[in-house]
2 protein chains.
Amino acid sequence: MTIRPGTEIQSEGVRRRNSAKGASRREAILAAAMHRFSREGYQSAAIADVAKDVGLSLPGLLHHFPTKVDLLLAILDKRDLESTAAIDIDQATWRTFLLGLIQVAKYNTGIPEVVRAFAILNAESLTQNHPAKAWFGIRAQQLQANIAAKLQAGVLQGDVKRDVDCSAIATEVIAMMDGLQMLWLREPTSFDMVGVIAGYIERLILDLQASPARQV
Amino acid sequence: MTIRPGTEIQSEGVRRRNSAKGASRREAILAAAMHRFSREGYQSAAIADVAKDVGLSLPGLLHHFPTKVDLLLAILDKRDLESTAAIDIDQATWRTFLLGLIQVAKYNTGIPEVVRAFAILNAESLTQNHPAKAWFGIRAQQLQANIAAKLQAGVLQGDVKRDVDCSAIATEVIAMMDGLQMLWLREPTSFDMVGVIAGYIERLILDLQASPARQV
DNA sequence: GTCTATATCTTGATAGAC
DNA sequence: GTCTATCAAGATATAGAC
C-alpha cells in the first residue's frame with residue numbers, strides 16, 4: 001500500500017502537532033469526527049455534534065479546525081500516515097502482494113471504525129464537488145497503477161500468463177475490495193469478509209500463474 | 001433479476017398514473033430528480049432545483065410528491081418495475097445466469113444516467129437513517145440469496161464443484177458489480193466495464209464448473 | 001395544479017469578550 | 001483556547017389565493 005495522494009489537496013489545518021496538550025485535543029476531535037462521519041457521512045454530519053462529543057462548543061472546535069473541510073482533510077491525511085506502516089509494496093512479488101491484501105483485510109477487521117469511515121467517505125466522494133473527491137480519486141488511480149505494474153512484472157518474468165490483462169485485473173481487485181466493504185457496511189455480520197477475500201485472491205492467483213509445464 | 005423489495009417501504013406517492021396529462025408531469029419530475037440525485041446524491045440535492053428543472057415552483061412540485069422522501073421512493077419503485085423486463089432468473093441455469101450479468105452490464109452502458117443514480121443512491125444508503133436504506137438492503141439480500149441458490153442447484157446436479165462455497169461466491173459477484181460501478185463513476189472513461197465484468201465472469205465459470213473428468 | 005409568501009429548522013461560520 | 005451571542009444561507013414544508 002503506502003499510497004500517498006499529492007500534496008495539492010493538503011489542508012492548512014494539517015500542520016503537525018505543535019504542543020503535546022494541543023495535540024491530544026486535536027486527536028480527540030479527529031476521532032470524534034471520524035466516528036460521526038463513519039455513521040452519518042460527511043455531508044450529513046454536523047460538526048456541532050462533533051464538538052459536543054468532545055465537550056467543546058462549536059467555536060471551540062473551529063479554533064482547531066477553521067472549517068469543516070479542514071477537519072475532513074485532516075482525517076484523510078492522518079490515515080495516509082498510518083497506512084504507511086502497512087505492506088511494503090516495493091519488496092513484494094505479485095503473488096505476495098495479492099496475498100498481502102488478505103492480511104490487510106484481516107488487520108482491518110480490528111479497526112472497523114476506521115474502515116467504516118473510509119468506505120463511507122469513499123462512496124460519498126463520488127458525488128459532484130465533494131471535498132474528498134480528489135483524495136480518493138488519486139488514491140484509486142495510484143493503487144490501480146501499482147497493482148497493474150506488479151502483475152506486469154510477473155508477466156515479464158514468466159510467472160504470470162502472458163495473455164493476462166494486467167490493468168483489467170488490477171481494476172477487478174480494487175472493485176472487489178471496495179464492493180465487499182460496501183456489503184459489509186450494510187450487514188457486517190452477514191458474511192466473513194476476510195474469508196471471501198481470501199477465496200477470491202487464492203483463486204485469482206491460481207488463474208493468473210503460468211502453468212508449470214509452460215513456464216519459461 | 002426481477003428483484004422486488006417488500007411493499008412496506010412503498011411510498012404513498014406511488015399510486016399509479018391517474019391522468020395522461022398528470023402522468024407526464026410526474027415522469028418529467030422523476031427524470032429531473034434522478035438526474036440531480038445521480039450527480040449530487042439524495043441528501044445534497046435540493047428539490048427546489050428539481051422543480052426549476054421542470055419549470056415548476058417548489059410548491060408546484062410538492063403538489064405531485066408531498067415530500068422529498070416520496071420523490072425518492074417513487075424513483076426506486078419505478079426502477080423496480082422497469083428491471084422486471086430483464087433476465088428471467090427462474091429459467092436460467094447457474095451458467096446462463098452468470099453470463100446474463102454480462103448482458104446486464106452491456107445493457108446498462110446504454111443508460112448511464114440510471115446506473116449512475118442507483119450506484120450513488122446505493123452507496124449513500126449505507127449511512128444511518130437513510131430513507132433508501134431498507135430498499136437497497138432488501139434488494140442486496142434477495143439478489144445474494146438468488147445467486148447462491150442458482151449455484152447450489154448447479155452443485156446438486158454435479159455441474160458445479162462440490163466444495164464451492166455458494167454463498168461466498170454470490171457475495172463476491174455482487175461485490176464485484178457494485179465495486180466496478182463505483183470505479184466507473186469515479187472515472188467513466190478509465191476502463192471498459194463490460195470487458196472487466198466479462199473477464200471476471202468467464203474466469204469464474206471456469207473455476208466453478210466441475211472438471212469433465214470428475215463429473216458425476 | 002400552480003403560484004406567492006412565509007414559517008421553521010438546521011448548519012457553518014464570525015465577532016468579540018474572557 | 002474557549003465561550004456566548006449572532007449572523008447568513010439554504011433547505012423542507014405549509015397557508016392560502018388564483
Side-chain angles (χ1 to χ4, degrees), chain A residues 11-13 15-37 39-75 121 124 127-132, chain B residues 11-13 15-33 35-37 39-75 124 127-132:
Chain A
S11 75
E12 170 217 339
R15 56 182 174 286
R16 308 309 165 201
R17 23 197 105 59
N18 356 7
S19 71
K21 207 175 62 182
S24 72
R25 248 310 188 221
R26 281 179 62 94
E27 293 304 311
I29 293 172
L30 289 174
M34 197 157 75
H35 188 84
R36 288 277 174 186
F37 292 169
R39 276 157 183 81
E40 306 164 31
Y42 168 77
Q43 310 263 23
S44 296
I47 52 176
D49 289 335
V50 175
K52 246 181 260 171
D53 293 340
V54 295
L56 274 180
S57 67
L58 175 55
L61 181 147
L62 289 174
H63 168 74
H64 297 278
F65 300 94
T67 74
K68 191 182 182 183
V69 171
D70 283 316
L71 183 50
L72 172 63
L73 295 182
I75 288 175
L121 292 175
E124 191 179 4
T127 52
Q128 251 179 0
N129 304 329
H130 193 284
Chain B
S11 76
E12 170 216 338
R15 56 183 175 285
R16 307 308 164 202
R17 26 197 103 60
N18 357 3
S19 72
K21 205 174 63 182
S24 72
R25 256 295 196 224
R26 279 180 64 93
E27 293 304 311
I29 293 172
L30 288 175
H35 188 84
R36 287 278 174 184
F37 292 168
R39 277 157 182 80
E40 305 163 32
Y42 169 77
Q43 309 263 23
S44 296
I47 53 176
D49 288 336
V50 175
K52 244 181 261 169
D53 292 340
V54 296
L56 274 180
S57 67
L58 175 55
L61 180 148
L62 289 174
H63 167 74
H64 297 277
F65 300 94
T67 73
K68 190 182 182 183
V69 171
D70 282 317
L71 182 51
L72 172 63
L73 294 182
I75 289 175
E124 189 179 5
T127 53
Q128 253 179 1
N129 305 328
H130 193 282

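Atoms considered below: every heavy atom in the structure, side chains included; atoms not considered: hydrogens, waters and symmetry mates. Please read all numbers here as calculations on a predicted model, not as lab measurements. Throughout, a chain's letter reflects where its sequence line sits, starting with A, and its residues are numbered from 1.
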(message) Could you check whether any side-chain heavy atom of A:L71 comes within less than 4.5 Å of a side-chain heavy atom of A:L30, counting everything from C-beta outward?
(response) yes

(message) Within the 4.0 Å limit for protein heavy atoms, which parts of nucleotides 2-9 of chain C are touched? Write it as a string from 5' to 3', B for base, S for sugar-phosphate only, - for none.
(response) BBBB----

(message) Distance check needed: C:dT10 P versus B:Q43 CD, whole Å only.
(response) 15 Å

(request) Check the distance between C:dT11's P and A:F37's CZ and give it to me in whole angstrom. (result) 13 Å

(message) I need the CG-P distance between A:L72 and C:dG12, as an integer number of Å.
(response) 12 Å

(request) Check the distance between D:dG16's P and B:L62's CG and give it to me in whole angstrom. (result) 17 Å

(request) Round to the nearest Å and state the distance from A:I47 atom CD1 to C:dT10 atom P. (result) 16 Å

(message) Between C1' on C:dT11 and CZ on A:R36, what's the gap in Å once rounded to a whole number?
(response) 14 Å

(request) Pick base, sugar-phosphate or nothing for A:A45, based on heavy-atom distances below 4.0 Å to the nucleic acid. (result) sugar-phosphate

(message) I'd like to know if the side chain of B:T127 reaches the main chain of B:H130, judged simply by a donor and an acceptor atom lying under 3.5 Å from each other, with no hydrogens or angles considered.
(response) no

(message) Without decimals, in angstroms, what is the distance between A:L71 CG and C:dT11 C1'?
(response) 15 Å

Which atom pairs, donor and acceptor, lie under 3.5 Å between side-chain atoms of residues 45-52 of chain A and protein residues at least two apart or in another chain?
none

(request) Could you tell me whether the side chain of B:V69 reaches within less than 4.5 Å of the side chain of B:Y42, counting heavy atoms only? (result) yes

(request) Mark yes or no for whether A:Q43, through its side chain, and B:Q43, through its backbone, hold a donor-acceptor pair below 3.5 Å. (result) no

(request) Using whole Å, report how far NZ of A:K52 lies from P of C:dG12. (result) 12 Å

(message) Once rounded to the nearest 0.5 Å, what's the spacing between atom CD of A:E40 and atom CG of B:N129?
(response) 8.0 Å

